[in-house]
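Remember, it's 1-based here, ligands and their atoms both numbered in the order they're listed. Keep in mind that what you see is a predicted model, and the values were worked out from it rather than measured. Basis for what follows: all heavy atoms, side chains included, without hydrogens, waters or symmetry-related copies.
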Amino acid sequence: MSVLIKNGRVVTPSEDFTGDIFAEGEVISLIGNNLNVNADTVIDATGKLVMPGGIDPHVHLDMPFMGTFSSDNYETGTAAALHGGTTMVIDFVLQTQGKSLFSALDEWRGRSDGNAHCDYSFHMAVTDFNENTKKEIRPMVLNEGITSFKTFMAYKGALMIDDRQMIGLMKEVKENNAMVTVHATNGDMIDYLIAEHRTLGKLSPLYHYLSQPEITEAEAAGRFVDMAFHTGVDSYIVHLTCEGALNQVRRAALRDQKVHVETCIQYLLLDASLYENESEGAKWVMSPPLRQKKDQRALWGGIEQGIVEVVATDHCPFLWEQKLMGKEDFSKIPNGHPAIENRMELLFSEGVAKGRMSVNKFVEVTSTNPAKIFGMFPKKGSLGIGSDADIVIIDPEARHTISAKTHHMNVDYSAYEGWEVTGKVTTVLSRGKIAVNDGVLTVPKGHGNFVKRSVS
Ligand code: URP
Ligand code: ZN
Ligand code: ZN
């Protein structure tokens with residue numbers, strides 16, 4: 001099986017030229033001008049952008065959470081990812097407190113094995129760090145290729161660990177040259193504010209937002225950054241939303257400490273005014289919550305400055321019926337929103353088409369940086385010879401409208417309903433196979449492989 005993509009505008013973080021790419025089997029084998037090769041399939045990409053397939057390093061598929069499961073499973077979630085130009089996702093395995101990391105991994109494999117349309121990997125969320133968990137870190141890294149360990153400084157009573165556990169985990173992860181990632185918000189403060197609002201009968205979605213003010217994120221980000229500095233572990237903050245937290249990363253940079261930062265598409269595009277809509281605000285109930293316009297400006301600036309290196313989704317969809325679990329009480333609304341299918345086109349439209357970022361920066365934050373940070377480059381996130389032929393072709397002029405009526409995610413609303421976007425994914429290759437062509441999915445479930453990652 002071979003595919004020749006002809007006359008496209010080939011874009012990587014450092015290049016932008018018109019040329020051809022030839023994929024043979026699963027990998028890219030030739031790049032050049034007017035390639036004279038025979039191919040099983042030839043794609044004319046004249047006028048289109050040809051880029052490394054998107055990598056979304058923050059998704060929650062089929063995840064047990066807040067009394068229910070996220071509504072996209074591996075089959076529907078990875079199909080939707082491909083439709084939107086994302087060719088690989090990294091999901092989170094959640095340890096159950098009191099149980100082992102490996103039993104959680106077995107559980108996640110039970111749901112994912114043989115079901116994914118696109119490639120995927122796992123982060124391991126450590127929710128109970130103890131002497132037994134400690135012994136599981138090394139085999140997780142060396143044998144399973146799971147090299148990033150997620151921590152929650154919030155969701156008290158379910159997922160949160162305390163600082164003692166955090167330091168212990170960081171030391172063990174550092175010993176193994178792996179990385180600690182964090183949901184950095186102050187769980188105790190949030191817990192207090194939720195209880196206070198409930199006692200006062202303040203129960204609408206707006207109080208979800210008011211229970212997690214910016215200071216709860218800035219404080220936790222600063223604490224995490226300091227603990228990472230003390231232990232020297234490689235560190236990454238997931239779904240950073242606000243100026244205060246970003247400034248903690250800037251503070252770390254003053255002492256030459258590197259902290260990787262991810263934001264998500266929703267924090268760049270949506271703001272907290274959506275919570276004023278009492279009947280529909282639950283659609284945007286996620287943690288951390290949407291912030292203010294000044295935070296959006298800070299995040300776009302952070303991307304430009306290279307402090308924010310990744311734009312992910314934190315895709316964690318729930319059907320409207322599931323969101324209604326919190327109809328009478330914001331604290332019972334399952335947290336999360338759907339975006340796995342929309343990230344690439346929204347960022348292209350709002351970022352590249354509106355002149356806020358270059359096409360090279362777009363490739364960096366959607367693909368190459370996550371591949372590098374999470375130990376998959378240049379197999380993933382690259383258009384180099386020998387790299388997996390995970391390729392997205394975008395028509396930069398095509399306009400379309402986002403709607404739940406036409407999306408492929410298993411969720412009955414869109415957080416971006418009616419948004420008009422410029423730039424459309426037309427063709428997607430996954431390891432050399434045409435996976436999506438003009439809106440039609442052409443790879444079966446099971447095509448997606450688990451990707452083992454490595455530490456440097
Ligand atoms: O609201 C969110 N973000 N739901 C998913 C879990 C998490 O915190 O990432
Ligand atoms: Zn989180
Ligand atoms: Zn998440």
Report task. List in chain and number order the residues that pass side-chain contact (heavy atoms from CB on, under 4.5 Å) with Ser70, two or more places apart in sequence or in another chain; answer none if no residue qualifies. Result ->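 Scan of Ser70 (side-chain contact (heavy atoms from CB on, under 4.5 Å), adjacent residues dropped) gives Met63, Cys316, Pro317, Phe318.
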Query raised in the report: Just wondering, are more than 12 heavy atoms of other shown residues or ligands nearer than 6.0 Å to NZ in Lys171?
Result: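 No, the 6.0 Å shell around NZ holds no more than 12 heavy atoms from other groups.
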Query - Residues forming a side chain to side chain donor-acceptor pair (under 3.5 Å) with Thr313, sequence neighbours excluded - result: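 By the side chain to side chain donor-acceptor pair (under 3.5 Å) rule, Thr313 matches Asp56.
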Query raised in the report: When the ring planes of His123 and Phe374 are compared, do they come out parallel, tilted or perpendicular, using 30° and 60° as the limits?
Result: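 Correct class here is perpendicular.
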Requested in this report: Go through the side-chain N and O atoms of Tyr267 and Gln296 and say whether any donor and acceptor fall under 3.5 Å apart.
Outcome: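 No, no side-chain donor-acceptor contact under 3.5 Å.
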**Report entry** Donor + acceptor pair across side chains of Gln95, Ser100 (<3.5 Å)
**Finding:**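 Absent: no donor and acceptor within the cut-off.
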Query raised in the report: With the threshold set at 4.0 Å, does a side-chain nitrogen-carboxylate oxygen contact exist between Arg223 and Asp226?
Result: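 The answer is no: the pair does not qualify as a salt bridge.
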Query raised in the report: If you measure from the Lys or Arg side-chain nitrogens to the Asp or Glu carboxylate oxygens, is any gap between Lys156 and Asp191 under 4.0 Å?
Result: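 Looking at Lys156 and Asp191, the cut-off is not met.
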Query raised in the report: Any idea which residues sit under 4.0 Å from ligand 1, heavy-atom distances?
Result: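 Heavy-atom contacts below 4.0 Å: His58, His60, Phe65, Tyr155, His183, His239, Met286, Ser287, Asp314, Cys316, Asn335, Gly336.
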Query raised in the report: Any cation-pi pair here, Arg297 with Trp300, using under 6.0 Å and within 45°?
Result: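 Judged by the rule (NZ or CZ under 6.0 Å from the ring centre, within 45° of its axis), Arg297 is not positioned above Trp300.
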Query - Vertex the Zn ion (ligand 3), rays to NE2 in His58 and NE2 in His60 - rounded to 10° - result: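 Rounded to 10°, it measures 110°.
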Requested in this report: Give the intermediate values and the outcome of side chain to side chain contact (heavy atoms under 4.5 Å, CB included) for residues Trp419 and Leu346.
Outcome: CA-CA 9 Å; Trp419 279 53; Leu346 278 172; 3.8 Å; yes
Query raised in the report: What protein N/O/S atoms lie closer than 2.8 Å to the Zn ion (ligand 2)?
Result: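 Per the 2.8 Å query on the Zn ion (ligand 2), atoms found are His183 ND1, His239 NE2.
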